[in-house]
Amino acid sequence: METASGDYGAFMEKFTLPPKSAQDLPLNSLTFAIKEIFDVEGYVTGMGNPDWARTHPVATSTAPTVLALLGAGATCVGKTVMDEMAYSINGENIHYGTPRNPCAPDRVPGGSSSGSAVAVGAKLVDFSLGTDTGGSVRVPASYCGIFGFRPSHGAISVSGVIPMAQSFDTVGWFARDPMILSKVGGIIVQLPDIAPVRPSCFIIAEDCFQLSVIPYDVVTQPVVKAVEKLYGGDVLKQEILGDYVKTNVPSLKHFMSKETTDQIYNIPSLSALSSAMRLLQRYEFKNNHGEWITAVKPDFGPGISERVLDALRTTGENIDTCYSVKRELHDALAALLGDFGVLMIPTVPGPPPKLQTNSSELEIFRARAFSLLSIAGVSGFCQVVPSSEFMKYLDSYIFLNQLNFISMWYFLTLCR
């Protein structure tokens, strides 16, 4: 096994999986890397933790998503570093190191698909695969200034991928070039070529931008101008999303508390949504991995160990209500957006935290981030993070990337 100490610390190990054919295929000459959560025949799938790697055998088959990309002409060049057990959005790994953010070397790269994002951002590969349960593609894409895509839940097979929490797990991908992002999506979602459609509405979640440190007008005006130019101003709308969610997701009342209501810079209904998501995530994580953790007693790093312990203590209380919240939010956003609507929100509340930020500050940032990340996570809708270069094209320079678009349709037009 060849391990990589250079290359921005993005790689766990390097190898070459050649394309399945030399014919003229859509991804010919493109290289990609995969998060260490995907099975590759003959390699151990380590899930970011040495104790997991030590206690699990080599994979006997390769994940179908990886095979599809090889079949389309791409070459896989290795596996990338990830946060342990996919249980963090920071991008730090105490065992294997923190991949260096190519946009901001003094700040975290975002996780848990940290190495995959860094490999693309540092131009080591053309695209990469990650997974997104609570934000693990969207956050590192934002922090590293590249495109990131979380598909609709269930749109792509997660066979050959170690589960984190099945109610939210998705296979996602990164690219610097929007055309490559689209080509890769067409292969792994297995969609035919479809002509772009005109959005029926383009909704700006005005209250969500109050959670961001970037001034509202600085973020939204370039997009508003572009939408007006492309589609006309009649498609633009504004929404107080927190009020809409509170009204249309009645089961959230079980997660509304004085704590979520009184927090500064907080949208109570979205904080409640985050609470529901994280409860169900802990419950399913425990069901997936609790027996192994109890038997092996693995060594986890700071932050991960506390979250894992919380998961092991989780009971089935309110789990049925979490499933109700999921259904209600999906139906509510479907009614709001229709088939061709787009929702615009911040990806995260602000720039990536600096390396070695103390845990209490990180948890505050994490809580605010999940208020935004849970919107697509719980609803199951797809979500795209545009790159920094894309934002420059819109005549706006923003420190890293603060925009996020949610739709039932892949890249504004596909993948319901």
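Side chains included, hydrogens not; waters and symmetry mates left out as well; all remaining heavy atoms used. Keep in mind that what you see is a predicted model, and the values were worked out from it rather than measured.
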- Message: Using a 3.5 Å distance criterion without hydrogens, assess whether the side chain of Arg198 forms a donor-acceptor pair with backbone atoms of Tyr231.
- Response: yes
- Message: Could you go through Phe127 and Trp173, starting from their C-alpha distance and side-chain angles, then the distance that decides it, and tell me whether this counts as ring pair (Phe, Tyr, Trp, His ring centres under 6.0 Å)?
- Response: CA-CA 7 Å; Phe127 68 93; Trp173 62 101; 9.2 Å; no
- Might you work through the side chain to side chain contact (heavy atoms under 4.5 Å, CB included) test for Thr347 and Leu372, ending with a clear yes or no? CA-CA 7 Å; Thr347 312; Leu372 298 167; over 6 Å; no
- Determine whether the side chains of Arg327 and Ser324 contain a donor N or O and an acceptor N or O closer than 3.5 Å. yes
- Query: Using the ring of each side chain (for Trp, its six-membered ring), is Phe209 parallel, tilted or perpendicular to Tyr216, with breaks at 30° and 60°?
  - Reply: perpendicular
- Got a donor-acceptor contact below 3.5 angstrom from the Thr314 side chain to the Arg282 backbone? no
- Task: Answer whether the closest heavy-atom distance between the side chains of Thr131 and Thr170 falls below 4.5 Å.
- Result: no
- Message: Please check: side-chain N/O of Ser269 versus main-chain N/O of Gly242, any donor-acceptor pairing under 3.5 Å?
- Response: yes
- Message: What's the separation between atom CZ in Arg278 and atom CG in Leu280, rounded to the nearest 0.5 Å?
- Response: 13.0 Å
- Aromatic ring proximity His330/Phe381, centre distance under 6.0 Å: yes
- Note on the structure: Tightest non-hydrogen contact, residues Asn49 and Trp292, listed as OD1-CH2, 4.2 Å
- Between Pro302 and Ile94 the two heavy atoms that sit nearest each other are CD-CD1, 3.7 Å
- Kindly indicate, with the supporting measurements, whether the criterion side chain to side chain contact (heavy atoms under 4.5 Å, CB included) is fulfilled by Leu343 and Phe202. CA-CA 6 Å; Leu343 178 67; Phe202 200 100; over 6 Å; no
- Taking Thr247 for the side chain and Asp243 for the main chain, is one N or O donor matched with an acceptor at less than 3.5 Å? yes
- Task: Output yes when a side-chain donor or acceptor of Arg176 lies under 3.5 Å from a complementary backbone atom of Val125, and no otherwise.
- Result: yes
- Message: Are the side chains of Ile293 and Leu312 in contact, using a 4.5 Å heavy-atom criterion?
- Response: yes
- Query: What distance do Leu67 atom CG and Ile188 atom CD1 have between them, rounded to the nearest 0.5 Å?
  - Reply: 12.5 Å
- Please report the shortest heavy-atom distance between Val118 and Cys144, naming the atom on each side. CG2-SG, 4.1 Å
- Item | Minimum heavy-atom distance Ile304-Tyr87, with the two atoms named | CD1-O, 3.3 Å
- Student check: side-chain heavy atoms of Phe38 and Ile162 closer than 4.5 Å: no
- Task: Please check if the side chain of Glu36 supplies one atom and the backbone of Gly46 the other of a donor-acceptor pair under 3.5 Å.
- Result: yes
- Knowing that exactly one of Asn288, Asn287, Thr133 qualifies, which makes a side chain to side chain donor-acceptor pair (under 3.5 Å) with Gln166? Asn288
- Exam field: side chain Asp39 to backbone Thr62, donor-acceptor pair closer than 3.5 Å: no
- For Ser136 and Ser112, what are the C-alpha separation, side-chain angles and deciding distance, and is it a side chain to side chain donor-acceptor pair (under 3.5 Å)? CA-CA 5 Å; Ser136 292; Ser112 63; 3.0 Å; yes
- To the nearest 0.5 angstrom, please state how far the CD atom of Glu328 sits from the CG atom of Leu273. 11.0 Å
- Query: What is the distance from atom CG of Asp177 to atom CG of Leu181, rounded to the nearest 0.5 Å?
  - Reply: 8.5 Å
- Determine, stepwise, if the pair Ser114 / Lys35 fulfils side chain to side chain donor-acceptor pair (under 3.5 Å). CA-CA 8 Å; Ser114 53; Lys35 185 177 182 176; over 6 Å; no
- Query: So, for Phe147 and Phe174, is the gap between ring centers shorter than 6.0 Å?
  - Reply: no
- Task: Without swapping roles, check the side chain of His56 against the backbone of Thr45 for a donor-acceptor pair under 3.5 Å.
- Result: no
- Item | Arg100 to Tyr8 six-membered ring, cation-pi geometry met (6.0 Å, 45°) | yes
- Task: Run the numbers on Leu362 and Phe365 for side chain to side chain contact (heavy atoms under 4.5 Å, CB included), then give the verdict.
- Result: CA-CA 5 Å; Leu362 284 177; Phe365 186 90; 5.6 Å; no
- Note, Tyr43 side chain near Glu13 side chain (heavy atom, < 4.5 Å): yes
- Are side-chain heavy atoms of Phe285 and Arg307 found at a separation under 4.5 Å? no
- Query: Between the side chain of His95 and the main-chain N/O of Asp51, is any donor-acceptor distance below 3.5 Å?
  - Reply: no
- Query: Can you find a heavy atom in the side chain of Tyr96 that is under 4.5 Å from one in the side chain of Glu84?
  - Reply: no
- Task: Check whether any side-chain heavy atom of Pro109 sits under 4.5 Å from a side-chain heavy atom of Pro140, and report yes or no.
- Result: no
- Query: How far apart are the C-alpha atoms of Glu291 and Lys286, what are their side-chain angles, what is the distance that settles it, and do they pass the salt bridge (Lys or Arg N to Asp or Glu O under 4.0 Å) test?
  - Reply: CA-CA 8 Å; Glu291 185 175 333; Lys286 174 186 177 180; over 6 Å; no
- Message: Please report the interatomic distance OG(Ser128) to CZ(Phe32), rounded to the nearest 0.5 Å.
- Response: 10.0 Å
- Task: Sequence neighbours left out, what pairs pass salt bridge (charged side-chain N to carboxylate O under 4.0 Å, His left out) with at least one residue falling in residues 143-169?
- Result: Asp132-Arg150
- Query: Could you state the interatomic distance from OG (Ser113) to CZ (Arg138), rounded to the nearest 0.5 Å?
  - Reply: 10.5 Å
- Task: Could you check Val44 against Trp52 for side chain to side chain contact (heavy atoms under 4.5 Å, CB included), going step by step and ending with a plain yes or no?
- Result: CA-CA 9 Å; Val44 175; Trp52 180 278; 5.6 Å; no
- Message: Are Phe15 and Cys76 packed together at the side-chain level, in the sense that at least one heavy-atom pair is separated by less than 4.5 angstrom?
- Response: yes
- Here the pair of heavy atoms bringing Tyr244 nearest to Ala335 is OH-CB, 4.0 Å
- Short N-O contact, Lys354 and Glu361, less than 4.0 angstrom: no
- Thr294 backbone acceptor or donor facing Lys297 side chain under 3.5 Å: yes
- Task: State, to 0.1 Å, how close Leu336 and Glu239 come at their nearest heavy-atom pair, and which atoms those are.
- Result: CD1-OE1, 3.7 Å
- Message: Test side chain to side chain donor-acceptor pair (under 3.5 Å) on Thr80 and Ser116; report intermediate values, then the result.
- Response: CA-CA 6 Å; Thr80 56; Ser116 290; 2.8 Å; yes
